[in-house]
Amino acid sequence: MPSGPRPPEVTVDGFEGPLDLLLELVEDKKLDIFTVRLGDLADEYLVRVRAMATLPADEVSAFLYIASRLVLLKARSLLPSLVPPSDDDEVDTEAELRLRLIEYATTKDRAAALGDRMRAGERAFHREGGSVILPPKGGDPDALAAAWLKVLALTRETPEEVEVPGERYSVEQRTAEIEALIAKQPSVTFVTLLGERPTLGYAIVTFISLLDLYRRLVIDITQDELFGEIRIERKVQRMEELPE
Amino acid sequence: MTRSTIAAAIEAVLFVAEKPVSRSELAKTIGAGAKAVSEGLVELEEWYQGTGLRLQHEGDDWQIVTAPEQAPFVAAYLGADRLRLSGAALETLSVVAYRQPVTRVEIESIRGVNCDQTIYTLMQRRLIEELGRREAPGSPFEYGTTWEFLECFGLTSLDALPTVLSPDGVRSGEPVPTE
Amino acid sequence: MTRSTIAAAIEAVLFVAEKPVSRSELAKTIGAGAKAVSEGLVELEEWYQGTGLRLQHEGDDWQIVTAPEQAPFVAAYLGADRLRLSGAALETLSVVAYRQPVTRVEIESIRGVNCDQTIYTLMQRRLIEELGRREAPGSPFEYGTTWEFLECFGLTSLDALPTVLSPDGVRSGEPVPTE
């Protein structure tokens with residue numbers, strides 16, 4: 001990784017994942033990782049996710065997971081009565097997320113230390129052994145076969161052959177789509193938005209888009225019963241008194 | 001045999017060995033006790049102060065390697081490529097190095113992303129390896145670093161991993177055993 | 001560079017070299033003058049007093065060898081009838097065995113890593129050899145296994161190689177002709 005200043009927004013090339021993004025928010029705002037209220041970062045986090053041109057389809061769920069955690073934390077701090085901790089352990093959600101973030105920060109520091117060593121190039125070399133006895137004896141065909149199997153296993157998906165996720169979704173694009181739709185009709189169900197055979201990536205981008213629209217007070221999300229239909233409704237008017 | 005003659009015998013055996021040699025194999029080969037071999041290894045380590053060689057060990061397997069400060073000359077002689085790893089691969093490697101033995105799920109939960117590709121890359125470069133299966137649901141593979149990892153990073157052993165101050169100020173240099 | 005640092009650099013280079021190295025090549029590799037290299041070699045010789053290693057030269061070609069008095073231990077270690085190859089070398093050998101004739105680029109694309117050193121080692125051991133040049137851009141060498149390979153692995157012919165089911169279930173027991 002280049003050692004220069006970090007780019008202002010996470011690009012697909014440079015991103016290391018949702019924890020990296022969250023850590024970056026904490027560091028950019030010079031917040032204390034031990035005391036920052038993580039829910040306060042929910043908006044900024046969604047903004048950053050939204051700013052990503054595209055999300056790799058296989059990584060969106062990881063971003064969504066952290067996003068949903070942050071939104072939940074924020075909702076709980078804003079409307080404690082409406083979002084009561086359902087379980088005892090939910091009280092620990094923030095502490096748990098914080099621990100993960102701290103652990104990730106440590107991992108990053110360690111990776112940086114290893115990276116410094118790697119770039120310094122101060123490595124050791126072994127020798128392959130001197131006394132050559134010819135012809136060598138005692139080769140084990142099974143060991144050779146095992147080595148071949150190992151090579152085959154590691155060759156199975158060389159980087160060139162790795163299936164590049166054909167589907168890449170832009171949260172921004174999906175958000176615009178939904179916003180356009182909701183402008184035309186007052187409400188729509190989540191199932192309708194997903195279409196007939198949604199891929200996981202499509203479903204998740206759709207979900208993040210909804211979180212984003214919800215955050216921007218464009219829509220309301222209702223669900224009458226557990227596992228019931230999720231209905232997305234156009235917000236009639238912006239309620240400016242609501243906290244941002 | 002004196003300590004020095006044992007050190008010399010160890011040195012000769014390690015010199016011709018193609019791969020790291022365990023202390024017990026050394027003891028058997030040179031016909032000395034385990035304690036004598038340990039002392040011999042300490043002596044050998046002392047001999048190598050300021051020379052072009054050093055002693056490296058991964059667990060109980062020992063080998064002689066070149067001193068990291070000689071890397072430019074050795075690399076020039078061998079025409080060796082420089083190791084290049086992406087930031088993502090370095091992160092995964094650091095989790096494995098400091099947390100081994102560690103499973104894929106544990107690595108992914110720490111990094112927060114899918115680590116298939118980086119684990120694959122690190123295995124292919126022989127920097128990490130499958131140690132065996134954990135006795136847990138699903139019997140997942142446990143990963144650990146290799147002696148090639150020590151060599152590539154110029155570490156004489158895992159104890160020499162760089163110490164990093166974690167955000168809470170706790171020194172976290174040594175590998176932390178996982179529960 | 002001081003005499004000692006030159007001696008250390010020479011030692012590291014000679015340590016990894018699998019063949020004697022001339023003084024002029026040493027000088028070029030470590031970027032020192034001929035006189036400095038000569039002095040470094042003298043110093044290295046002094047270091048080796050009483051250790052398990054010796055500096056040996058034939059004409060102007062230098063190499064590190066084990067001290068003669070350590071021969072019994074070296075023989076005891078090497079004597080055991082087993083092939084000693086590093087994991088990396090064994091993997092490269094398996095690629096050549098199962099995929100011959102194969103070029104270096106092909107080996108490296110299969111293993112995903114640079115294989116210069118292991119190919120060199122295997123050639124030194126006469127386990128693989130250059131078969132000739134392929135009629136392709138760059139006319140790369142094609143490698144195959146030797147009769148010493150068959151003897152070493154106790155195989156009557158290449159057809160006797162163990163059949164391996166690749167992870168995707170394809171039989172790859174026989175050498176597959178490359179396209």
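By convention in this document, chain letters (A, B, ...) are assigned in the order of the sequence lines, proteins followed by strands, and residues within each chain are numbered from 1.
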Which distance, rounded to the nearest 0.5 Å, do you find between the [atom1] of [X] and the [atom2] of [Y]?
X        : Y        : atom1 : atom2 : value
A/Leu114 : B/Phe149 : CG    : CZ    : 5.0 Å
B/Arg126 : A/Lys150 : CZ    : NZ    : 4.5 Å
B/Arg99  : A/Glu103 : CZ    : CD    : 4.0 Å
B/Glu151 : A/Arg123 : CD    : CZ    : 5.0 Å

A/Arg37, CZ: over 12 other non-hydrogen atoms inside 6.0 angstrom:
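Not more than 12 within 6.0 Å, no.
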
CD/B/Glu46: more than 12 non-hydrogen atoms of other groups inside 6.0 Å:
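For B/Glu46, atom CD is crowded (more than 12 foreign heavy atoms under 6.0 Å).
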
Part of [X] lying under 4.5 Å from any heavy atom of chain A:
X       : value
B/Arg84 : backbone
B/Leu83 : both
B/Gln70 : neither
B/Leu78 : side chain
B/Tyr77 : neither

Give a yes or no on whether the backbone of [Y] and the side-chain of [X] come within a donor-acceptor separation of less than 3.5 Å.
X        : Y        : answer
A/Arg127 : B/Phe15  : yes
A/Thr107 : B/Glu91  : no
B/Arg82  : A/Arg119 : yes

Where on A/Ala120 is there a heavy atom nearer than 4.5 Å to chain B: the side chain, the backbone, both, or neither?
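Looking at A/Ala120, just its backbone touches chain B.
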
Closest heavy-atom contact between [X] and [Y]?
X        : Y        : result
B/Phe153 : A/Arg117 : O-NE, 2.8 Å
A/Phe125 : B/Val74  : CD1-CG1, 3.2 Å
A/Ala124 : B/Thr66  : CB-O, 3.2 Å
A/Gly121 : B/Ala71  : O-CB, 3.2 Å

Heavy-atom distance under 4.5 Å between the side chains of A/Met118 and B/Leu90, does that happen here?
yes

Measuring only between side-chain heavy atoms, which start at C-beta, is B/Val113 closer than 4.5 Å to A/Leu19?
no

Heavy-atom pair count under 4.5 Å with chain A, highest-scoring of [options]:
options                             : result
B/Leu93, B/Leu155, B/Leu14          : B/Leu155
B/Ser109, B/Pro20, B/Ala89, B/Ala67 : B/Ser109
B/Met123, B/Arg111, B/Gln63         : B/Arg111

